[in-house]
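Just below is one structure, and these are the notes that go with it.
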Amino acid sequence: MSEQPMSKPGRKGVARIWHASIYSWSGLKACWKHEAAFRQELLLCVVLLPFSFVITDDLAESALLIATLGVVLLMELVNSALEAVVDRIGPELHPLSGQAKDIGSAVVMVAIGLACVVWGLVAVKNLSF
């Protein structure tokens with residue numbers, strides 16, 4: 001006997017996409033409102049974005065620079081979501097809660113490190129110091 005895939009009840013098609021977009025926008029607004037790190041990283045990305053076209057005239061390299069900025073923001077969103085879930089479970093200190101939050105923070109740190117390495121390498125390749 002084959003198992004039938006579980007389907008979620010709810011909206012379909014364009015209505016689902018529309019409502020998913022609204023939920024996503026709400027998530028971005030919540031992260032902006034409650035997470036100072038997200039605000040700082042987003043503002044830094046806005047400042048750095050134009051420099052991705054100054055550092056190099058190669059569109060592929062510019063895309064890579066912009067993508068690393070996006071990765072930092074994505075990882076901060078994931079970290080913020082993880083922290084919200086852990087905090088929702090309860091305020092008591094638990095080793096696994098601390099571990100989860102530390103790993104979420106490490107994800108952001110690795111993304112920032114990746115962005116720094118890529119930006120540094122592209123800058124060294126294209127700029128005369």
Please tabulate, for side-chain N and O atoms in residues 35-43, each donor-acceptor pair with protein atoms closer than 3.5 Å (sequence neighbours left out).
residue : atom : partner : partner atom : Å
Arg39   : NH1  : Trp32   : O            : 2.6
Arg39   : NH1  : Lys33   : O            : 3.2

Over 12 non-hydrogen atoms of neighbours within 6.0 angstrom of CD1 in Ile22: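 Above 12, so yes.
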Point-to-point distance, once rounded to the nearest 0.5 Å, from NZ of Lys29 to NE2 of His34: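 Reported value, rounded in 0.5 Å steps: 11.0 Å.
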Let me have the donor-acceptor pairs involving side chains of residues 96-108, under 3.5 Å, with sequence neighbours excluded, atom names and distances please.
residue : atom : partner : partner atom : Å
Lys101  : NZ   : Asp87   : OD1          : 2.5

Run the side-chain donor-acceptor check on residues 45-73: report pairs under 3.5 Å with partners two or more places apart or on a different chain.
residue : atom : partner : partner atom : Å
Ser52   : OG   : Leu49   : O            : 2.6
Thr56   : OG1  : Asp58   : N            : 3.0
Thr56   : OG1  : Glu61   : OE1          : 2.6
Asp58   : OD1  : Ala60   : N            : 2.8
Asp58   : OD1  : Glu61   : N            : 3.3
Glu61   : OE1  : Asn126  : ND2          : 2.8
Glu61   : OE2  : Lys125  : NZ           : 2.7
Ser62   : OG   : Ser52   : O            : 2.7
Ser62   : OG   : Asp58   : O            : 3.4
Thr68   : OG1  : Leu65   : O            : 2.7
Thr68   : OG1  : Trp119  : NE1          : 3.1

